[in-house]
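First comes the structure, then the notes that go with it.
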Amino acid sequence: MAPNATIFKATLHIADMDRHYYEDHAVTLARHPSETDERMMVRLLAFVLHAHEALAFGRGIGAEGEPALWQKDLTGAIDLWIEVGQPDERTIRQASGRARQVAVYAYGGRAADQWWNDIRSTLSRCRNLTVVNIPQDGSRALAQLAQRSMDLHCSIQEGQILMGDGTTAVQVELATLHPATT
């Protein structure tokens with residue numbers, strides 16, 4: 001955790017009808033000084049989409065060899081490696097070799113589209129990789145929910161995500177750019 005990180009706490013009430021997962025999670029996020037609310041909320045969205053008792057946040061921006069989120073089994077083997085944003089090709093290939101599954105949640109509008117166009121052909125060999133694009137209006141709307149203390153209700157049904165805090169609700173549709181083939 002960065003020395004000047006801002007701490008955010010979130011209670012997540014998750015109703016994922018697609019996975020039949022219905023749980024509450026209390027999580028603590030450390031937002032690095034260089035991280036935006038938008039990126040932090042995309043990390044939180046990734047947590048919601050893959051919620052599991054063993055899913056944990058990485059040490060954050062600048063932590064070499066560690067993802068935004070990951071899930072390890074009891075032996076320490078990495079079951080799931082999650083990156084947020086536009087990681088470089090080398091990072092994704094290394095993660096693909098270390099983890100059973102890798103997921104990348106890209107956001108940022110045209111920049112994310114360009115990033116994917118630049119690396120798509122070389123990453124097509126990563127059979128355990130899923131790349132998802134979050135439309136810019138969705139990621140920016142999620143950023144509006146960011147508060148130091150959050151109580152969020154998250155519903156997922158047929159790929160539609162609805163996240164709200166009681167006064168504001170955000171609907172996010174994801175676009176899968178590259179589905180895993182394993």
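Position 1 is the first residue of the sequence; numbering continues from there. Only heavy atoms go into these numbers, but all of them, side chains included; no hydrogens, no water, no symmetry mates.
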- Item | Short side-chain to backbone donor-acceptor contact, His25 and Val27, under 3.5 Å | no
Please report, to 0.1 Å, the donor-acceptor pairs under 3.5 Å made by any side chain of residues 142-158, with sequence neighbours excluded.
unit_1	atom_1	unit_2	atom_2	d
Arg148	NE	Ile7	O	2.8
Asp151	OD1	His13	NE2	2.6

- Item | Set of side chain to side chain donor-acceptor pair (under 3.5 Å) partners for Lys72, sequence neighbours left out | none
- Going from CD1 on Ile82 to CG on Leu80, what distance comes out if it is rounded to the nearest 0.5 angstrom? 4.0 Å
- Message: Test salt bridge (charged side-chain N to carboxylate O under 4.0 Å, His left out) on Asp37 and Arg31; report intermediate values, then the result.
- Response: CA-CA 8 Å; Asp37 283 345; Arg31 190 186 73 200; 2.3 Å; yes
- How far apart are the C-alpha atoms of Leu29 and Leu44, what are their side-chain angles, what is the distance that settles it, and do they pass the side chain to side chain contact (heavy atoms under 4.5 Å, CB included) test? CA-CA 8 Å; Leu29 295 106; Leu44 194 61; 3.9 Å; yes
- Would you name the heavy atoms of Phe57 and Thr28 that are closest together and state the gap between them? CD1-O, 4.1 Å
- CZ of Arg127 to CZ of Arg125, rounded to nearest 0.5 Å, is 13.0 Å
- For the pair Asp18 (side chain) and Gly159 (backbone), establish whether a donor and an acceptor sit closer than 3.5 Å, ignoring hydrogens and angles. yes
- Kindly indicate, with the supporting measurements, whether the criterion side chain to side chain contact (heavy atoms under 4.5 Å, CB included) is fulfilled by Trp115 and Val104. CA-CA 12 Å; Trp115 164 81; Val104 176; 3.7 Å; yes
- Which atom pair, heavy atoms only, marks the closest approach of Ala169 to Leu162? CB-CD1, 4.1 Å
- Where do Asp165 and Thr168 come nearest, in terms of heavy atoms and distance? OD1-N, 2.8 Å
- Cluster membership besides Tyr22, Ile/Leu/Val/Met/Phe/Trp/Tyr side chains within less than 4.5 angstrom, sorted by chain and number, is Met17
- State, yes or no, whether a side-chain contact exists between Leu123 and Ile92 at a heavy-atom distance under 4.5 Å. yes
- Note on the structure: Output for pair (Gln71 CD, His52 NE2), nearest 0.5 Å, gives 4.5 Å
- Task: For the pair Asp16 and Arg19, evaluate salt bridge (charged side-chain N to carboxylate O under 4.0 Å, His left out) and give the outcome as yes or no after the intermediate values.
- Result: CA-CA 6 Å; Asp16 186 339; Arg19 293 191 307 147; 3.0 Å; yes
- Message: Could you walk me through whether Trp116 and Asn133 satisfy the side chain to side chain contact (heavy atoms under 4.5 Å, CB included) test, starting with their C-alpha distance in whole Å, then the side-chain angles of each, then the deciding distance to 0.1 Å, before giving a yes or no?
- Response: CA-CA 9 Å; Trp116 179 242; Asn133 188 26; over 6 Å; no
- Quick one: are Met163 and Leu45 in side-chain contact, heavy atoms under 4.5 Å? yes
- Item | Side-chain donor or acceptor of Thr11 paired with backbone N/O of Ala26 under 3.5 Å | no
- Task: Evaluate the side chain to side chain donor-acceptor pair (under 3.5 Å) criterion for residues Glu83 and Trp81: first the C-alpha distance (whole Å), next the side-chain angles of each, then the deciding distance (0.1 Å), finally the verdict.
- Result: CA-CA 7 Å; Glu83 291 287 350; Trp81 181 294; 2.8 Å; yes
- Task: Verify side chain to side chain contact (heavy atoms under 4.5 Å, CB included) between Thr130 and Val102, making sure each step is shown before the conclusion.
- Result: CA-CA 6 Å; Thr130 300; Val102 177; over 6 Å; no
- Query: Between Ile119 and Pro87, what is the shortest heavy-atom contact and its length?
  - Reply: CD1-O, 4.4 Å
- Note on the structure: For Val42 and Ser139, the nearest pair of non-hydrogen atoms, with its separation, is CG2-CB, 4.0 Å
- Message: Using a 3.5 Å distance criterion without hydrogens, assess whether the side chain of Thr36 forms a donor-acceptor pair with backbone atoms of Arg39.
- Response: yes
- Query: What's the spacing between Arg98 CZ and Gln94 CD if we round to 0.5 Å?
  - Reply: 8.0 Å
- Message: For Tyr105 and His50: C-alpha separation, side-chain torsions, deciding distance, then whether ring-ring contact (aromatic ring centres under 6.0 Å, His included) applies.
- Response: CA-CA 12 Å; Tyr105 288 91; His50 296 275; 5.7 Å; yes
- Message: Return the CD to CG distance between Gln160 and Leu174, rounded to the nearest 0.5 Å.
- Response: 9.0 Å
- In short, Glu53 meets Tyr21 closest at the heavy-atom pair N-OH, 4.4 Å
- Message: Measuring only between side-chain heavy atoms, which start at C-beta, is Ile134 closer than 4.5 Å to Val172?
- Response: yes
- Any side-chain heavy atom of Leu129 within less than 4.5 Å of one from His178? yes
- Message: Keeping Gln86 on the side-chain end and Tyr107 on the backbone end, is there a donor-acceptor pair under 3.5 Å?
- Response: yes
